Each structure stands twice: as structure tokens, then as C-alpha cells.
2 protein chains.
Amino acid sequence: MATTPRRPSMADVASRAGVSYQTVSRVLNEPDVVRPATRSRVLEAISALGYTPNRAARALKTTRSSLIGMLTDGSALFGPAETTTAIETAARDAGYSVVLTTVGADDAGCREIGAELLSSGADGVLVVAAHEGMVPAVAAVARSTPVVAVSAQAPRVPGVEVVGVDQRLGAHQVVEHLVRTGARSVVHASGPQDWFDARARLDGFEQALEEHGLDGAVVGPGDWTPLAGYEMTSALIKDGLPDAIFAANDMMAIGVLHALHEHRLRVPEDVAVVGFDNMLGAEFLVPSLTTVSQPFADLGRLALQRLLCLLEGRELPAGTPRTLPPRLVVRRSTRPERTH
Amino acid sequence: MATTPRRPSMADVASRAGVSYQTVSRVLNEPDVVRPATRSRVLEAISALGYTPNRAARALKTTRSSLIGMLTDGSALFGPAETTTAIETAARDAGYSVVLTTVGADDAGCREIGAELLSSGADGVLVVAAHEGMVPAVAAVARSTPVVAVSAQAPRVPGVEVVGVDQRLGAHQVVEHLVRTGARSVVHASGPQDWFDARARLDGFEQALEEHGLDGAVVGPGDWTPLAGYEMTSALIKDGLPDAIFAANDMMAIGVLHALHEHRLRVPEDVAVVGFDNMLGAEFLVPSLTTVSQPFADLGRLALQRLLCLLEGRELPAGTPRTLPPRLVVRRSTRPERTH
DNA sequence: CGCCCGAATGATAACGTTCACATTGAAGCA
DNA sequence: TGCTTCAATGTGAACGTTATCATTCGGGCG
């Protein structure tokens, strides 16, 4: 009774079932090779003792930790959170655990973060809300571990695969919708340009603008927050408003709407407003926000699938996309499209 | 050249530095006991080889994994996300990594989730958005591992410590503010009652109602989403509105505001609205939302600190709170308080 | 000068698995 | 019957650490 209640090991299970520890190992790893009778005896012993395999020992022996590192931004943004959850669930289904690592605003300890992620023994790493600040950490990791980034475009790090939503396409869809609803001038309230997604949205915006010969301008960059959208819009109101404002994300759009409301400007009659992300609640803003829906959860699953292929040396199923399409969701913050 | 590029081990470092691997171990774990000259020689070898300790081996030997399990809800809610980040950062500072485990809506695999968390070898577990659905998993874990829950009240699981924001107090503050601003009747659009926080807010609401002799009712329960708030409010509009609506969280408040706006009802003149959480953007809703701010980040750090004490057998610093106070943030969705 | 002591380092064993190979036993076949 | 063969299980070693004990080497002191 005085002995420390050590977690049961294979040896304990083995002696209870009257077999050797190797047989127990086999029951766990290649069940069909052991005779049904012994197998069930072992299984019974396992559940009776509440045995769980010691992952440290397994990792030591196999040099594979069954851990996936997830590098993500510290801000509590909607999209990343959803992607994160999808990744974790899919990883668990595949027999992996996810170790979370957030990188804050400061680049300071960033290379160090990479080293820590590495030493945590992750078999592979997923980068979720990719921005410049992560590049040092990613570069440090990528030399010795497969990395898949969820991002609009490859962080300029060799050996990093990329899976993402086509942000440029999304921006195009926004501009085209605005054109169809009569806007002649559009301002993009841009996001932080060290984020790859923000840059791609801006690129797509400028390109679409040119294609349609629209008047347009870019203000910002903002930092994804409502306050940024609010301040940019307040400035615009002073300097002259366009027909429409395209915010880099829904949070900034909230600030845009607020500023307009504050000045008794009507949306969409005076100014149309579009966001990006289709976050929870976008539909219930005042007015209901036209925005671009991103398949965050699918994205997470796709990224994980890619990483698993890298890890296990499998080929990707043919036809697996590298890029997912966004979807424009038209609501009340833009003028209705003419239906012929 | 044909040999697999194995990660360097202590033995490699040792032979390069001309010492035994035990000395390398000592340099890492108790540096002062080794002579400065040899120590620097070893350190030089470490950095030259890019050696990082093998955590699996260490974990196997010490029976401590330096892993903290974080059990959290799958929904992409704002509060949990912020708490999560704070925990991860604090954990990393303390030399721990965080393995993330989300539990979805289905209770099905829930006990199993506990077992997996356990077998992942976490030294301790933090429960972040506690609700009934987690109880089986938590119970499974708690028998063999320290658990701290971030929650309004103890999930009824023995041996689980609790750290939380005083939700009842928050609800009290809301009701009192509403009373001071002239409301005579308040409806609480309640949250999912299997969440401990939602239950506590409801309790606090009812208690405060009684104390102040107010008219009141509870509608719901909702599921934290804007849609829920919207539907409850739509029903209220048909059946008769109170002076104020207290939504269980800000997301639901968004739906409440939307429904009111849709019926041309003015906030706060016709109905005052209050939320809970002070999520990013609450300030910029239309109108700016009065709500209860929760110190999500502090909460995460506090929970981690408590868990570390449990893990390392330390006493908590005297005066460390078990409960953090919320803070009422008065904005424009409620009538202004009279200033004498 | 011989002894002992402490500081610095080395050697050995163990943690709980999995891998590679050895052993057992029963069945198949001439 | 005696041999081979294959299925089922057991044995020994190793993964990279840390814990424990053993060894070495100067120097202080009687």
C-alpha cells in the first residue's frame, strides 16, 4: 500500500494475462497476428487495469511522437479559431495530438519559438494564421520537419507546402458585385500587410479595380480590429466618401459600419460596405453584412491531410485541391443586384 | 553520407566535447556543479551540433512529460480563444507545452477523449470552456492527474480545482445598472444551461431581480449564437417587450440588436440591451454595447499558475484569488446613469 | 608523509516501448 | 514415423535520457 501507484505498464498487463509483454504490444499494434483467444485475454487485462500505452516510451523507440505542432497567431480571431478546431479534431481521428504554440506580436523570441516547437518533438508542423512574424520560426522548423502552412501564398520559406483560400478571387468577387450594383468608386480598408492573406486581398482588389476601370483607393493598413476600420472610415468621411468600402475583414467592417452610422450615413444607400470572413454574427450586424465566406474548417482538414501525406510518405489523393474557393455572401450592406 | 541524418544525441555532444554523456546531462540540468571550463566546452559542442534534448527520452525517464493538456470547447468563441492563448504563453514561459483537445457537441466519444488526453501523458489538465459535455472526460482524467477548470463553479467532479470569473456578480452589476437607469422589467436571454457560466449568469440574474423587486423573465435557453438572440427577441416583440434585455453573451446580443432594429425599435430608448464578455467589436456595434468585461487572459494565467502549483507541490502564493471580478462596461445600448 | 575529504567526472542501470530474431508446438506430407 | 513448415509466442537489445553509485584527483591537515 505504501508503494507509489505507478501507471500500469505492458509488463503488468502481460503478467495478468499470462503472456509476455511482446504479445501485449502485438495486440495493440498488429492485432490480427495474435490468436483471438489470447487477444481477448489481453484486452480484458488491459481494460481491467486501465492500461494506456506510454507515449513517451513509444516515441523514444519509434522516433515518432504522434504530435503535430500547430503554430498560430495569438490574437483571438474568428477564422483561425475555427481552423484550429477542425485541425485538432481531424488530427485526433488520425491518431495524432496537437501541441499548440502561439506567436505573439513581438518577433523577439520567435526563432526561439521555432526551436522549442522542434524540441517538443512534433512530427510535423501546421502554420495557421501565417504572417511575416512567423517566418523565422517556420524557417527554423522547416529544415528538419515537414511544414504545411494555411495561407494565401507561400511564406518565402523553402520546403513549406501551402494550402489556402483564394483570397484574390474573393476580392475579385467583391469588386465585381460592387460593380454590378452600381458602384463607381471603391475604397479598400486594408489589413496588416505582414499577413499573407491581407496582402493577397489587397492584390486582388487592385487587380480587379484595374480590370473594371473603377476609381479606387487603398487606406490603411489596419490591424484587423474594429477600431482600425472606424478610424479609417472617419477619415474618409472628412475627406470624401466612395460609393463603397471594402474592409479587409468583418471585424474592421464593424468599425466601418459604426463610423458611418455615427455620421447618419445610410448603408448601402450612401455607402455600400463589404467585409471578409463571414464570421459568426456578420449576418446580424446592422445592416446585415455582405462578405466573403471562407471554408475555415475545410481548410484545416485539408492542411492536416496534406501534412499527414508528407509524414507518412503517401501520395496525395489525386485531385486534392491546393486552393479552396471563397464564396461571396450577399446581404443588406450592399445594394441589391438587378435581377433581369 | 548514406547514413540517415539522425538527430544528435547527448552521446554525440559528449564525444565532441571530450566528456561523458552524463556530464552533458549535468550541464543541462544542474550547470553549477560542472566546472566552468568543461561547461563551456560542452555548450559549444551543443550549439555546434544543434543539439536539442529528446523530450521523449526525458519524459520516459522522469515520468514527467512537460505537457499540459488543454480541454476546450470546439466552438470558436471569443472568450475561450483569448484564455487559451494566455495559457499557452504562460505555459511556455514555465517550460511546458500545451496539447490541445477539443470536445465537440456530441458527448459520444467524450469518455474516450479523456482517456486519450491521459495517454498523451499530460502532467496536468486545464479545462477551458467548461460545460456538462466535458464532465465524463474530466472525470476520466481527474482520477490520475491534477485538473484545474476555468469555470464559474465546480463541475461536479471530485478533485477538480476551479478558477473563474464571478459570473453572478456580473449579472448583479448588469441588473443594478439597469435599475439605476430606470428599467422596471428585464428579460434575460439565457445561454445554454449545460454551460456552467451560463447557469451562473442566470442564477445571478434571478437573484438580483428578486433583490430589487423587478419584473423579469427568462427566455431561452439559447446556444450563444446571434441567431438565438434574434429569435428570442423576435418572439418578445410579438408578445410584449420589457424595458431591457440582458443577453447571455455579446454574440446573442448582436442578434437581439438586429431584431430590434428590424422592427424600428430604438435602443436604448425603447429597449435597453446588455451583453456579456466585452468581446472585440462590442464597442462598435450599433449602438455601442453595454456589457460585462471578463479578464479572460488573467483567468488563463491564473488557472495555469494554480495547476503548476498542483504539479510541483508548491503552495499557492498567499492571497492568490480563486475568483476574478468582472467589470461592467457602460456604453450606449443602455440609458445613461444620472450623474448628481 | 600518509590520510581523508570534497569536488569533478565517469560508469551502470533503469524507464516502457518496439524491432529483430529465437523458440515452441502443431499440422502437413511423404 | 520423421521431417518440414508455418503460425503463435517469447527473448534480448536498443531508443536517449536521468538517478545512483563509483572513481579519480588535488589539497589540507595531523
Side-chain angles (χ1 to χ4, degrees), chain A residues 3-43 45-46 49-67 95 97 118-121 123 144, chain B residues 3-43 45-46 49-67 95 118-123 144:
Chain A
T3 57
T4 313
R6 190 176 46 82
R7 257 178 64 183
S9 75
M10 278 196 171
D12 301 319
V13 175
S15 74
R16 187 181 219 273
V19 296
S20 79
Y21 50 84
Q22 176 61 333
T23 302
V24 178
S25 171
R26 271 193 276 262
V27 168
L28 263 44
N29 297 322
E30 25 183 8
D32 7 306
V33 84
V34 44
R35 193 157 40 142
T38 36
R39 191 198 317 163
S40 67
R41 210 147 28 98
V42 169
L43 288 175
I46 285 181
L49 268 62
Y51 164 81
T52 45
N54 182 322
R55 285 174 73 152
R58 182 186 305 215
L60 177 59
K61 184 61 185 152
T62 60
T63 68
R64 318 201 60 238
S65 64
S66 295
L67 249 39
S97 294
L118 211 61
S119 89
S120 83
D123 295 333
S144 51
Chain B
T3 56
T4 313
R6 190 175 47 81
R7 257 177 65 182
S9 76
M10 276 192 172
D12 301 319
V13 176
S15 74
R16 186 180 221 271
V19 297
S20 79
Y21 52 83
Q22 176 58 339
T23 302
V24 179
S25 172
R26 270 194 276 262
V27 168
L28 263 43
N29 296 321
E30 24 182 11
D32 6 308
V33 85
V34 43
R35 196 161 34 148
T38 35
R39 190 198 319 163
S40 67
R41 207 146 31 95
V42 168
L43 288 174
I46 285 181
L49 267 58
Y51 165 80
T52 44
N54 182 321
R55 284 175 72 151
R58 187 189 300 227
L60 177 58
K61 185 60 185 152
T62 61
T63 68
R64 318 202 59 237
S65 64
S66 295
L67 251 39
L118 211 61
S119 90
S120 81
D123 296 334
S144 52

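The structure displayed is predicted, hence computed values, not measured ones. The sequence lines fix the lettering, A, B, ..., with proteins before strands; numbering per chain opens at 1.
Summarising the geometry of B:G95 relative to B:S66, their closest heavy-atom pair is O-CB, 3.9 Å, with the distance given to 0.1 Å. Minimum heavy-atom separation, B:M10 to B:Y21: SD-O, 3.9 Å. Of all the heavy atoms in B:A45 and B:A17, the pair that sits closest is CB-CB, 4.0 Å. In this structure, A:P31 and A:V27 approach most closely via the heavy-atom pair CG-O, 3.5 Å.
Counting atom types as modelled, A:Q22 pairs no side-chain N or O with a base atom of C:dT17 as donor and acceptor under 3.5 Å.
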field: Derivation of the side-chain contact (heavy atoms from CB on, under 4.5 Å) call for A:R55 and A:L67
entry: CA-CA 10 Å; A:R55 285 174 73 152; A:L67 249 39; 3.8 Å; yes
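In this structure, the separation between CG on A:L60 and CG on A:N54 is 9.5 Å, given to the nearest 0.5 Å. In this structure, OG1 on B:T63 lies 9.5 Å from CZ on A:R7, to the nearest 0.5 angstrom. For the atom pair CZ of A:R39 and CD1 of A:I46, the computed distance is 11.5 Å after rounding to the nearest 0.5 Å.
For B:D12 and D:dG16, the CG to P distance is 8 Å, given to the nearest whole Å. The interatomic distance linking B:L28 (CG) with D:dT17 (C1') rounds to 11 Å, in whole Å. Remark: C1' of C:dG16 and CG of A:N29 are 13 Å apart, rounded to the nearest angstrom. Across the protein-nucleic acid pair, B:R55 atom CZ and C:dG16 atom P stand 20 Å apart, rounded to whole Å. Per the geometry, CE belonging to B:M10 stands 14 Å off C1' belonging to D:dC15, to the nearest Å. In this structure, B:Y21 atom OH and C:dA13 atom P are separated by 10 Å, rounded to whole Å.
Between B:V34 and A:Y51, the one whose closest nucleotide on DNA chain C sits nearer the 5' end is B:V34. Heavy-atom distances to DNA chain C give each of A:K61 and B:D32 a nearest nucleotide, and the one nearer the 5′ end belongs to B:D32. Nearest-nucleotide positions on DNA chain D place B:L60 closer to the 5' end than the other of B:E30 and B:L60.
Contact between the side-chain N/O atoms of B:S20 and the OP1/OP2 oxygens of C:dA11 is not found at any separation under 4.0 Å. Neither OP1 nor OP2 of D:dA8 sits under 4.0 Å from any side-chain N or O of A:R35. The phosphate of D:dC15 (OP1 or OP2) has no side-chain N or O of B:N54 nearer than 4.0 angstrom. At C:dC15, none of the side-chain N or O atoms of A:S9 fall inside 4.0 Å of OP1 or OP2 (strictly under the cut-off).
Note on the helix from C:dC1-D:dG30 to C:dA30-D:dT1: angle between the axes of the first and last five pairs equals 60°, rounded to 10 degrees.
When heavy atoms are screened at a 4.0 angstrom cut-off, B:R26 is found touching base atoms of the nucleic acid. Looking at heavy-atom distances under 4.0 Å, B:T62 makes contact with sugar-phosphate atoms alone, never a base. Residue B:T63 is out of contact with every strand shown, counting any heavy-atom pair closer than 4.0 Å.
Considering only side-chain atoms of A:S25, the nucleotide from D:dT18, C:dT18, D:dG10 that sits closest is C:dT18.
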